[in-house]
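To start, the structure itself, in structure tokens.
Quick note: residue numbers are just sequence positions, from 1.
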Amino acid sequence: MLTARNVLIGGLLLRAGMLLYGLWQDANMTVKYTDIDYNVFTDAARFVWEGGSPYQRSTYRYTPLLAWILTPNVWLHPTFGKWLFVACDCVVGALIARIIQERGMSDQKSAAYSALWLLNPQVATISTRGSAESVVCAAVMAAFYAFQRKQIVLGSMIFGLAVHLKIYPVVYALPLLVVLDGAALDARSVTPPAQPKSHSSNIGCHLKGLVNAHRICFFVVSAGVFFLLSTAMYCMYGREFVHETYLYHVARKDHRHNYSMWFLPIYLTFRSPASVVMGLLSFLPQAIVVAVLGFVYGRDLYFAAFVQTFAFVAYNKVCTAQYFMWYVCFLPVIWPYNSQRLVAKGLILLGVWFGSQALYLQQAYRLEFLGENTFAQLWTAGLAIFVANNWILQQIITTQKIVPLFGTSSHQTSQLSAKKVR
């Protein structure tokens with residue numbers, strides 16, 4: 001029987017099997033299953049356990065809090081972190097099911113959509129190889145679920161934690177400020193019936209009543225948690241913490257090939273001051289697109305977060321498969337309201353998404369394993385991924401039914417109804 005509980009159990013068993021297989025592959029094969037990042041996490045955890053700094057491990061670019069959380073890798077068992085990431089994966093799946101149920105869908109439908117995450121082999125592979133992305137995804141989804149239930153203080157606290165763990169969730173502050181409308185939050189129902197489609201919002205509605213108690217609470221509590229944790233880490237590890245955890249990612253130059261269309265220009269100018277300028281300029285289109293999407297679709301929090309994250313990853317100057325988890329966790333929540341949810345149309349989008357990556361990976365294989373000079377082809381494939389992602393995003397946006405997280409006033413509802421998109 002298809003239930004959320006059974007899907008959750010299936011997702012856990014899938015990950016347990018993959019994790020155990022990974023142990024066998026690591027012990028018996030030349031190509032290792034475990035991601036290099038997991039070794040970085042473990043080394044950093046060993047340093048903090050011995051009283052040192054996690055940044056004694058080169059390439060550790062995360063908050064020291066993560067290293068502290070993973071110290072059982074040192075004193076308990078080396079696979080502790082992987083099991084923790086698997087647990088966070090399952091937490092995300094359980095939250096997806098609860099979110100969908102509270103938006104008015106049956107347990108069977110919530111189970112089917114949560115399977116997009118829990119039974120997704122790509123998601124399971126990333127976590128069982130030792131990527132910590134599921135920890136951040138769990139924090140973000142937990143924060144959003146708290147906001148959905150109008151638990152503003154709790155949601156704000158978890159959101160502050162999520163931003164401390166990894167800075168990218170800060171982009172969700174804009175749709176959260178939009179959705180924390182006083183009149184909407186005072187509505188009796190937690191989630192209203194589906195509203196007509198709308199792809200633009202009245203700016204005046206967003207600006208009206210810009211400052212209210214809910215928004216002030218969100219700003220004060222979330223910023224307070226973030227700065228409290230960051231201050232504690234700064235007191236322990238000084239400027240090194242600020243640089244490695246946050247500033248490094250602003251001026252980051254990655255000379256290794258990745259899915260980003262910015263890879264080759266940065267690679268060719270790596271030792272030139274021009275690469276720094278190029279890296280900083282790459283933020284401009286990314287910031288504009290992400291901000292506009294968050295503002296326009298902010299009342300539908302989950303959809304706003306999805307399109308923001310999808311664009312953030314597509315436009316980012318560094319892009320790896322791990323980043324896909326950032327927006328895939330929102331897909332099961334927003335897909336029930338998309339007119340392309342039928343299998344045939346959904347498979348077309350999925351085919352374009354995977355096909356563009358397969359084109360890239362073919363060239364990457366020739367470079368890495370055959371030693372062929374395919375840099376130009378890699379860059380072309382990266383451009384193809386960028387174009388494909390923008391087309392996919394456009395297709396999803398134009399067929400999405402906007403469902404405000406909270407109720408709207410009669411004036412706002414009439415305006416939404418008047419702005420149906422063909």
Report the distance from atom CZ of R129 to atom NZ of K32, rounding to the nearest 0.5 Å. 13.0 Å

Counting distance only, does the side-chain N/O of S230 pair as donor-acceptor with the main-chain N or O of F227 below 3.5 Å? no

Would you call the rings of F310 and Y327 parallel, tilted or perpendicular, where under 30° means parallel and over 60° means perpendicular? tilted

Is a donor on one side and an acceptor on the other found under 3.5 Å between the side chain of T71 and the backbone of W68? yes

So with a 6.0 Å cut-off around CZ of F386, is the heavy-atom count from everything else above 12? yes

Look at the rings of Y168 and Y172 and say which category their plane angle falls in: under 30° parallel, 30 to 60° tilted, over 60° perpendicular. perpendicular

Test your reading of the model: is there a side-chain donor-acceptor pair from T245 to the backbone of V242, 3.5 Å cut-off? no

Between W117 (side chain only) and D89 (backbone N and O only), is there a donor and an acceptor less than 3.5 Å apart? yes

Say you draw a straight line from CD of E244 to OH of Y237; how long is it, rounded to the nearest 0.5 Å? 13.5 Å

Between the main-chain N or O of N6 and the side-chain N or O of T3, is there a donor-acceptor pair closer than 3.5 Å? yes

Could you please spell out the steps behind the ring pair (Phe, Tyr, Trp, His ring centres under 6.0 Å) verdict for F159 and F218? CA-CA 9 Å; F159 182 75; F218 164 67; 5.5 Å; yes

Does M18 have more than 12 heavy atoms from other residues, nucleotides or ligands lying within 6.0 Å of its CE? yes

Q148 versus Y302, side-chain donor and acceptor atoms under 3.5 Å: yes

If we check side-chain hydrogen bond (donor to acceptor under 3.5 Å, both in side chains) with Y38, which of these qualifies: T128, T79, N73? N73

Rounded to the nearest 0.5 Å, the OG1 atom of T320 sits from the CD atom of E133 at a distance of 7.0 Å

Under the side chain to side chain contact (heavy atoms under 4.5 Å, CB included) test against C329, which residue among V140, V123, V92 passes? V92

Whether the side chain of R57 engages the backbone of A45 through a donor-acceptor N/O pair (distance < 3.5 Å, no angle test) should be reported. no

Could you measure the distance from the CG atom of L95 to the CE atom of M141? Nearest 0.5 Å is fine. 6.5 Å

Side-chain donor-acceptor pair under 3.5 Å between T399 and N338, yes or no? yes

Taking the six-membered ring for Trp, are Y33 and Y21 parallel (under 30°), tilted (30 to 60°) or perpendicular (over 60°)? perpendicular

Do you see a donor-acceptor pair shorter than 3.5 Å between the side chains of Q322 and D35? yes

For the pair R299 (side chain) and P404 (backbone), establish whether a donor and an acceptor sit closer than 3.5 Å, ignoring hydrogens and angles. no

Hey, does the side chain of S114 reach the backbone of A111 with a donor-acceptor pair shorter than 3.5 angstrom? yes

Measure from the side-chain N and O atoms of N120 to the backbone N and O of L116, and report whether any donor-acceptor pair falls under 3.5 Å. yes

Would you call the rings of Y62 and Y60 parallel, tilted or perpendicular if under 30° counts as parallel and over 60° as perpendicular? perpendicular

Report the distance from atom CD1 of I99 to atom CZ of R149, rounding to the nearest 0.5 Å. 11.0 Å

Side chain to side chain contact (heavy atoms under 4.5 Å, CB included) with S156: which of L176, V221, L161? V221

Expected output: side-chain Q400 to main-chain I334 donor-acceptor under 3.5 Å: yes

I need the T309 OG1 to L293 CG distance, nearest 0.5 Å. 10.0 Å

Hey, can you tell me if F312 and W326 have their rings parallel, tilted or perpendicular (30° and 60° cut-offs)? tilted

